Amino acid sequence: MNDWVKAKVVGKHQWTEGLYSLQFDAPIADFVAGQYIKVGLDIDGERVGRPYSLVNPPQQRPLEIFFNEVPQGPLTPPLSVLEPGDQVWLTGTASGIFTLETVQPADTLWMLATGTGLGVYLSILRTPDPWERFKRVILVHGVRMSSDLAYAETLNEIATQYGDRFTYLPAVSRETQSGTLQGRITDLLNDGQLEARAGAAIAPETSHVMLCGNSAMIKDAKAILEGRGLVRHRRQAPGHYTTEGYH
Ligand SMILES: Cc1cc2nc3c(=O)[nH]c(=O)nc-3n(C[C@H](O)[C@H](O)[C@H](O)COP(=O)(O)OP(=O)(O)OC[C@H]3O[C@@H](n4cnc5c(N)ncnc54)[C@H](O)[C@@H]3O)c2cc1C
């Protein structure tokens with residue numbers, strides 16, 4: 001049963017065509033960075049709700065989500081035309097276990113995202129957790145076009161705060177852009193480019209890897225990581241990688 005609460009849109013940003021962030025004011029319960037809420041709209045007499053990771057860290061308001069419009073999808077086209085002042089429904093309690101709560105400390109935390117999968121990491125990175133448990137954090141953002149590389153300002157703030165403990169590696173697959181890796185995350189992982197650029201190796205002794213976004217990327221990355229001896233992390237059986245598939 002969803003515990004819907006009323007929420008008001010208090011902010012909106014369009015990054016590029018079809019790519020948005022929305023901010024909400026709503027009385028939701030405390031959450032852990034990495035969790036998601038459901039966002040709902042009443043469409044043709046029926047409540048349509050979908051999960052979205054929270055981008056804001058738990059101690060910060062407004063609540064924020066980062067999403068792309070799926071033209072044939074039921075929720076995202078009406079979601080993308082909302083404006084400040086409009087009302088939506090949110091679940092009052094966040095869910096999900098894509099958090100650092102039970103992850104063992106290690107040298108390096110790798111955060112791999114495709115598309116809007118970036119958002120969840122912006123919440124986690126703005127808590128003390130990753131910085132207390134890992135010496136370095138390497139965030140890889142895979143997108144098709146460089147115009148999809150959102151949240152530059154937030155990433156700059158994190159880089160300013162944590163200096164060389166934080167590495168941000170954008171990877172663009174459908175155009176060549178200076179200063180970015182070119183290609184899909186899984187190809188860059190396979191041919192060693194990602195680790196060469198980061199100056200760190202992915203190994204079970206030194207790394208925890210988080211994978212978020214497109215399920216095809218997650219499936220292929222899992223196979224590569226398992227080939228190198230990493231095993232899935234579970235609450236009862238600590239391992240080396242965790243995943244959150246969006247679609
Ligand atoms: C735990 C969880 C957290 C999520 N968090 C986010 C988030 O933070 N940001 C976000 O953008 N999405 C997120 N999603 C996906 C989101 O819930 C919706 O599925 C998506 O926004 C599309 O909604 P829709 O109702 O328009 O279409 P849906 O009916 O949900 O999907 C229609 C079709 O589009 C595909 N699809 C879904 N999402 C995408 C996408 N992003 N790009 C291309 N195709 C897609 C689906 O697989 C399906 O085939 C999350 C999903 C899960 C399970």
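Indexing begins at 1, ligand by ligand and atom by atom, following the structure's order. Quick note: residue numbers are just sequence positions, from 1. Just so it is clear, the structure is predicted and the values come from calculations on it, not from any experiment.
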Report task. Would you check whether T116 has a nitrogen or oxygen atom less than 3.5 angstrom from a nitrogen or oxygen atom of ligand 1? Result -> yes
Report task. Given ring-ring contact (aromatic ring centres under 6.0 Å, His included), test Y20 with W15 step by step and report yes or no. Result -> CA-CA 6 Å; Y20 302 88; W15 301 97; over 10 Å; no
Query raised in the report: Short check: is a protein heavy atom less than 4.0 Å from atom 34 (O) of ligand 1?
Result: yes
Query raised in the report: Say you draw a straight line from CZ of R197 to OG1 of T180; how long is it, rounded to the nearest 0.5 Å?
Result: 7.5 Å
Query raised in the report: Can you tell me which residue and heavy atom of the protein come closest to atom 46 (C) of ligand 1, and the distance to 0.1 Å?
Result: H247 CB, 4.1 Å
Query - Sub-4.0 Å heavy-atom approach of G115 to ligand 1 - result: no
Report task. Return a yes/no value for L75: is any of its N or O atoms, backbone included, closer than 3.5 angstrom to an N or O of ligand 1? Result -> yes
Query raised in the report: Is the shortest distance from atom 49 (O) of ligand 1 to a protein heavy atom below 4.0 Å?
Result: no
Report task. Run down the list L54, V70, T114 and name the one with the heavy atom closest to atom 32 (C) of ligand 1. Result -> V70
Query raised in the report: Is ligand 1 less than 4.0 angstrom away from at least one heavy atom of G213?
Result: no
Report summary line: shortest atom 51 (C) of ligand 1-to-protein heavy-atom contact is with Y246 O, 3.5 Å
Query raised in the report: Where is the nearest protein heavy atom to atom 17 (O) of ligand 1: which residue, which atom, and how far?
Result: P51 O, 2.7 Å
Report task. Using distance alone, determine whether E244 and ligand 1 share an N or O pair under 3.5 Å. Result -> no
Query raised in the report: For atom 8 (O) of ligand 1, what is the nearest protein heavy atom, given as residue, atom name and distance?
Result: S53 N, 3.1 Å
Query raised in the report: For atom 9 (N) of ligand 1, what's the nearest protein heavy atom and its distance?
Result: F66 O, 2.9 Å
Report summary line: re atom 27 (O) of ligand 1, the protein heavy-atom contact at minimum distance is G73 CA, 3.4 Å
Query raised in the report: Is it the case that D3 and T93 place a side-chain donor and acceptor less than 3.5 Å from each other?
Result: yes
Report task. Check the pair Q87, K8 against side-chain contact (heavy atoms from CB on, under 4.5 Å), reporting the backbone distance first and the verdict last. Result -> CA-CA 5 Å; Q87 198 220 285; K8 196 160 103 172; 5.8 Å; no
Query raised in the report: How many angstroms lie between CG in L155 and CG in L149, if you round to the nearest 0.5 Å?
Result: 9.0 Å
Query raised in the report: What residue among F67, Y121, Y151 forms side chain to side chain contact (heavy atoms under 4.5 Å, CB included) with V55?
Result: Y151
Report task. Run the numbers for me: atoms of ligand 1, each under 4.0 Å from some heavy atom of T76, listed by number. Result -> 21 (O), 22 (C), 23 (O), 24 (P), 26 (O)
Query raised in the report: Mind checking whether Y36 and F98 have ring centres under 6.0 Å apart?
Result: no
Query raised in the report: For ligand 1, is any non-hydrogen atom under 4.0 Å from Y36's backbone (N, CA, C, O), its side chain (CB onward), both, or neither?
Result: side chain
**Report entry** G245-ligand 1 polar pair, N/O distance under 3.5 Å
**Finding:** no
Query raised in the report: With distance as the sole criterion, is a donor-acceptor pair present between the side chains of T108 and H208 under 3.5 Å?
Result: no
Query - Trace of the salt bridge (charged side-chain N to carboxylate O under 4.0 Å, His left out) decision for R235 with E101 - result: CA-CA 9 Å; R235 293 194 153 218; E101 274 184 310; 3.3 Å; yes
Query raised in the report: So, does N68 sit close enough to ligand 1 that a heavy atom of it is under 4.0 Å from the ligand?
Result: yes
Query raised in the report: To which protein heavy atom is atom 19 (O) of ligand 1 closest, and what is the distance rounded to 0.1 Å?
Result: R50 CD, 4.0 Å
Requested in this report: May I ask you to say whether K12 pairs ionically with E64, meaning some side-chain N is under 4.0 Å from a carboxylate O?
Outcome: no
Requested in this report: Would you tell me whether R126 and T154 have side-chain atoms, one donor and one acceptor, within less than 3.5 Å of each other?
Outcome: no
Query raised in the report: At what distance is the nearest protein heavy atom to atom 20 (C) of ligand 1, and which residue and atom is it?
Result: Y52 OH, 3.7 Å
Query - Under the side chain to side chain contact (heavy atoms under 4.5 Å, CB included) test, residues paired with V48 that sit two or more places apart - result: I43, R50, P74, L75
